[in-house]
2 protein chains.
Amino acid sequence: MLSKEENILIHAEQLFAEKGFAATSTREICKAANVNISMIAYYFGSKDKLFERIFEYRMQGGITYAYQVLEMDHLKTIDKFLLIIDKYIERVRTLKSFYLILQREQINNNNPSTQKFIREFKKNYLKLFQEILNTGIRKGEFKQTPELAFLHSTVTGTILTSLNAITTYKEFLNGGEGFEEEYITQLKAYLKKILKYLLGHEKND
Amino acid sequence: MLSKEENILIHAEQLFAEKGFAATSTREICKAANVNISMIAYYFGSKDKLFERIFEYRMQGGITYAYQVLEMDHLKTIDKFLLIIDKYIERVRTLKSFYLILQREQINNNNPSTQKFIREFKKNYLKLFQEILNTGIRKGEFKQTPELAFLHSTVTGTILTSLNAITTYKEFLNGGEGFEEEYITQLKAYLKKILKYLLGHEKND
DNA sequence: AAAAATCAATCAAACGATTGATTTAATTTT
DNA sequence: AAAATTAAATCAATCGTTTGATTGATTTTT
């Protein structure tokens, strides 16, 4: 059973994802969470701080798995990379609402504290990518390395765009039942192919 | 000189891009455009309709250039594709505010009329991609064709993500003056490389 | 053990401010 | 004269926040 505080957090997250921060009223959140209006002030201080708390709540633990993978010495670097990416895809799918907010907030300039948060978070991911590239080169597994920024753009851009537009794609391609599962499988294979090419990895499938 | 109507449109676009639709008040827009509050009702009917008009205003002519390129018979299909993509990049850079709104609206579920608008617009681009692929295959220029949806995701995702995050990348990479121009040049070359690979196009640089 | 004090949790109600929209009259531009 | 534009006032609705009071459990004091 969720605590009242978490209950507010989760319903707020969902509503912010659906309608955006400004378009979601505190009354709406409290109605959805079935709590009194004053509880937002009580638990979080304000609507703004509630928003920031969602980020604290969701962002911890995002990148830790990636660094665990990095230490799996029996894996080839390319497979480490692919493992991290697969996990990222699952994470975006699981925390759907949060990643909608996150994407929107990357575009907005509204909440300065959240902005700084996101920027640091993104830099951490860039650093992670950088380390993977360096390792792969050092081990002679990668024959070439694309520009870090573009590699990052392609990986995150492709994943987020393809997941965002999945219903549009399904509509356009006349996809039936089971479309999404097949789609995700193909997406992973597609990313694998692109990455192997970009990193000059020898083929051995 | 801009008409009053266009003046409102442009200032509204900029404010919506900066702060989002709900967080931007009509008073703010009119103050920025230096017109009376009643002019929004006079020209557009309501704040919502003003928002929709921005889309009508900017979206026309977006894809027409692409179809002009398609008819340039002296060009190889891959070069048509690259030309369209370059133009798209320049368009995103020129209509920066609008594309911020557009991206945000793709994520939101707020304005139903705009949602439908965007969805149709995206399908048109998918159709365009489909036609390019078909032409390239028919002419024997493309040896393979990736899944349409993923190709589209990679192209638009890479472009939008890399342009959105340019300041973060610059910061991370310790970029100095002239970073952006060099960055754009590299982005185009990078996309060219990826596309040639994905489409199985023979190299002849 | 009984009484008193403290605490976090919760509530309904109200606060002042702001919102988008509308109106009416006056003014300017064409 | 007609059309375009402004100014100012006003509307009901909604906004985020604050308030004072109440509850029930826990802790401290007597």
Side-chain angles (χ1 to χ4, degrees), chain A residues 1-57 97 101 104-105 108-115 117, chain B residues 1-57 97 101 104-105 108-115 117:
Chain A
M1 185 57 182
L2 288 177
S3 71
K4 286 243 159 140
E5 191 176 350
E6 263 184 316
N7 198 34
I8 297 175
L9 217 48
I10 283 171
H11 283 92
E13 178 186 59
Q14 197 185 329
L15 285 167
F16 287 156
E18 283 174 15
K19 327 176 38 171
F21 176 79
T24 303
S25 71
T26 52
R27 285 172 177 80
E28 218 172 343
I29 296 168
C30 291
K31 194 175 177 183
N34 202 27
V35 299
N36 189 270
I37 311 183
S38 55
M39 301 317 284
I40 287 183
Y42 182 72
Y43 280 118
F44 306 99
S46 67
K47 187 189 178 187
D48 278 273
K49 284 180 185 159
L50 163 58
F51 185 72
E52 293 168 21
R53 274 282 284 283
I54 293 176
F55 276 78
E56 295 171 16
Y57 183 67
S97 289
I101 300 175
R104 197 162 31 215
E105 205 60 16
N108 279 7
N109 298 318
N110 290 337
N111 192 315
S113 132
T114 309
Q115 280 294 324
F117 208 165
Chain B
M1 182 60 182
L2 290 177
S3 70
K4 288 258 154 125
E5 191 177 350
E6 266 184 314
N7 198 34
I8 297 175
L9 219 47
I10 285 171
H11 282 93
E13 179 186 59
Q14 196 185 330
L15 285 167
F16 288 155
E18 283 173 15
K19 327 177 32 170
F21 176 79
T24 304
S25 71
T26 52
R27 285 172 177 80
E28 217 173 345
I29 296 169
C30 292
K31 195 175 177 184
N34 202 29
V35 298
N36 189 266
I37 313 182
S38 49
M39 300 316 286
I40 286 183
Y42 183 73
Y43 278 121
F44 307 100
S46 69
K47 187 190 178 187
D48 278 272
K49 284 181 185 159
L50 163 59
F51 185 71
E52 294 169 20
R53 274 282 283 283
I54 294 176
F55 277 78
E56 294 172 16
Y57 183 66
S97 289
I101 299 175
R104 196 161 33 214
E105 205 60 18
N108 279 7
N109 299 316
N110 290 337
N111 191 315
S113 130
T114 309
Q115 280 294 324
F117 207 166

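Labels below follow one simple rule: chain letters A, B, ... track the order of the sequence lines, proteins then strands, and each chain is numbered from 1. Every value quoted in this text rests on a predicted model; they were computed, and no experiment measured them.
Pairs of residues two or more places apart, or lying in two chains, that qualify as salt bridge (Lys or Arg N to Asp or Glu O under 4.0 Å) and include a residue from residues 36-54 of chain A are E5(A)-R53(A).
In this structure, E5(A) atom CD and dT10(C) atom P are separated by 10 Å, rounded to whole Å. Atom P of nucleotide dT17(D) and atom CZ of F51(A) are separated by 14 Å, given to the nearest angstrom. Whole-Å rounding puts the Y42(A) OH to dT10(C) P distance at 7 Å. When the P atom of dT6(D) is taken as reference, atom NZ of K31(B) falls 16 Å away, rounded to whole Å. Computed from coordinates, the K49(A) NZ to dT17(D) C1' distance equals 13 Å when rounded to whole Å. To the nearest angstrom, P of dT22(C) lies 12 Å from CD1 of I40(B). Note: CD1 (I37(B)) to P (dT24(C)) measures 17 Å, nearest angstrom.
Scanning both residues, A12(A) and I29(A), for their nearest heavy atoms gives CB-CG2, 3.8 Å. Scanning both residues, A33(A) and N7(A), for their nearest heavy atoms gives O-ND2, 2.9 Å. Scanning both residues, K19(A) and E28(A), for their nearest heavy atoms gives NZ-OE2, 2.6 Å.
Between dT23(C), dC15(D), dA21(C), one nucleotide has an atom nearer to the side chain of S38(B) than all others, and that is dT23(C). Picking from dG20(C), dA9(C), dT17(D) the nucleotide with the shortest atom distance to the side chain of M39(A) gives dA9(C). The side chain of T26(B) sits closest to dA21(C) out of dT6(D), dA21(C), dT17(D). Listed nucleotides: dA21(C), dA7(D), dT17(D). Nearest to the side chain of K47(A): dT17(D).
Residue K4(B) has a polar side-chain atom (N or O) positioned under 4.0 Å from OP1 or OP2 of dT6(D).
Side-chain to base pairing of N36(A) with dA12(C): one donor and one acceptor N or O lie within less than 3.5 Å of each other.
Mapping R27(A) and N34(A) onto DNA chain C via the closest heavy atom, the residue that lands nearer the 5' end is N34(A).
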Worked check of side-chain contact (heavy atoms from CB on, under 4.5 Å) between L50(A) and Y43(A) | CA-CA 8 Å; L50(A) 163 58; Y43(A) 280 118; over 6 Å; no
Please lay out, stage by stage, how N111(A) and F117(A) fare under the test side-chain contact (heavy atoms from CB on, under 4.5 Å).
-> CA-CA 10 Å; N111(A) 192 315; F117(A) 208 165; over 6 Å; no
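At the heavy-atom level, F44(A) lies nowhere under 4.0 Å from the strands shown.
With E13(B) contributing its side chain and F55(B) its backbone, the two residues share no donor-acceptor pair below 3.5 Å.
Near DNA chain D, meaning a heavy atom under 4.0 Å away, the residues from residues 15-25 of chain A are T24(A), S25(A).
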